[in-house]
Amino acid sequence: MRIDVVSIFPEYLAPLELSLIGKARQDGILDLHVHDLRSFTTDRHRTVDDTPYGGGAGMVMKPEPWSQALTAVAEARRGHQGKPVLIVPSPAGERFTQALAHELAGEEHLAFACGRYEGIDERVIEWAGEHFDVRPVSLGDYVLNGGEVAVLAMVEAVGRLLPGVVGNPESLVEESHSDGLLEYPVYTKPAVWRDREVPAILLSGNHGKIAQWRRHEQFRRTSERRPDLLEVFDAGKLPKADRLA
Ligand SMILES: OB(O)c1ccc2cc[nH]c2c1
């Protein structure tokens, strides 16, 4: 299996040189490549983030460096069958489970996009679908500062399932858990990127409507990706009007 990881902190992935995963790499079972996102920027300051449209705290990762990095990753496997899987660690993703680890262990090529700040411009996730089978994935319903720790966990969970990695295959058994709503999508400049526009409401300056839109997006995403979470959320008896239209 080939694995590519894109991060602004490539040194965060150093632990993958250790222990069973490190040995799997030495044995040629795992072919791991880590890429620094900043090497795909073109400005003097190697800028990877900007302010969020619609306001709010923090910064959002710019789309263009990501498109350059992910294009390079996709081209590394040109000529191979099917689209590689792109895992985007995110608190707003499908839940990572042992079943998913087993599914991913059957793939020829996995790519991981490590977000930071408030996340990656949502249009990158949409665009990447042209080159990858894109899977936003959450380790569980808590928030880290970026995707790297999640990648370390997932690479270990998947790598250990590959034949020849753990000494005794009998020892491969595990579980997982969850509650709450998923995050809304985030956007930053430019307002139009590769013919994809930022939702107009986020440019309106109407903070009430923006908050309403973001709440709706949370329910839309949770309904699409984590319906199991809605049952837990409804236990709080939220008025139906706040639900999806
Ligand atoms: O909790 B997480 O899995 C996670 C993943 C990516 C980002 C980017 C900014 N915060 C993040 C948290």
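One-based numbering, in listed order, for ligands and for the atoms of each. Since we're looking at a predicted model, the values are computed, not measured.
- Of the protein's non-hydrogen atoms, the one nearest atom 6 (C) of ligand 1 is P89 O, 3.3 Å.
- Those atoms of ligand 1 with a heavy atom of Y142 less than 4.0 angstrom away are 1 (O).
- Listed by atom number, the atoms of ligand 1 under 4.0 Å from R116 heavy atoms are 8 (C), 9 (C).
- Distance from atom 3 (O) of ligand 1 to its nearest protein heavy atom, with residue and atom name: S90 N, 4.0 Å.
- Counting only distance, with no hydrogens or angles, the side chain of D4 and the backbone of A111 share no donor-acceptor pair below 3.5 Å.
- The residue E118 has no part lying near ligand 1, judged by heavy-atom distances below 4.0 Å.
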Could you walk me through whether E156 and R160 satisfy the salt bridge (charged side-chain N to carboxylate O under 4.0 Å, His left out) test, starting with their C-alpha distance in whole Å, then the side-chain angles of each, then the deciding distance to 0.1 Å, before giving a yes or no? CA-CA 6 Å; E156 177 158 316; R160 64 197 291 273; 5.6 Å; no

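- Side-chain contact between E64 and Q68: present, with at least one pair of heavy atoms (C-beta onward) separated by less than 4.5 Å.
- Residues P52 and V186 fail the side-chain proximity criterion, which asks for heavy atoms closer than 4.5 Å.
- Protein heavy atom at the shortest distance from atom 1 (O) of ligand 1 is L144 N, 2.8 Å.
- Distance from atom 7 (C) of ligand 1 to its nearest protein heavy atom, with residue and atom name: G146 CA, 3.6 Å.
- The shortest heavy-atom distance from S138 to ligand 1 is not under 4.0 Å.
- For atom 9 (C) of ligand 1, the nearest protein heavy atom (residue, atom name, distance) is Y117 O, 3.0 Å.
- Under 4.0 Å from ligand 1, the heavy atoms of N145 that appear belong solely to its backbone.
- Partners of D43 according to the side chain to side chain donor-acceptor pair (under 3.5 Å) rule, which considers only residues two or more places apart in sequence or in another chain, are T47.
- Closest to atom 8 (C) of ligand 1 by heavy atom, among G58, A92, C114, G115, is G115.
- Annotation for V192: hydrophobic cluster partners, listed by chain and number, are none (ILVMFWY side-chain heavy atoms under 4.5 Å, direct or chained).
- Note: Y187 and W213 have tilted aromatic rings, judged against thresholds of 30 and 60 degrees for the angle between ring planes.
- At most 12 heavy atoms of other shown residues, nucleotides or ligands fall within 6.0 angstrom of atom CG in D195.
- Residue-ligand proximity: V143 is placed with a non-hydrogen atom under 4.0 Å from ligand 1.
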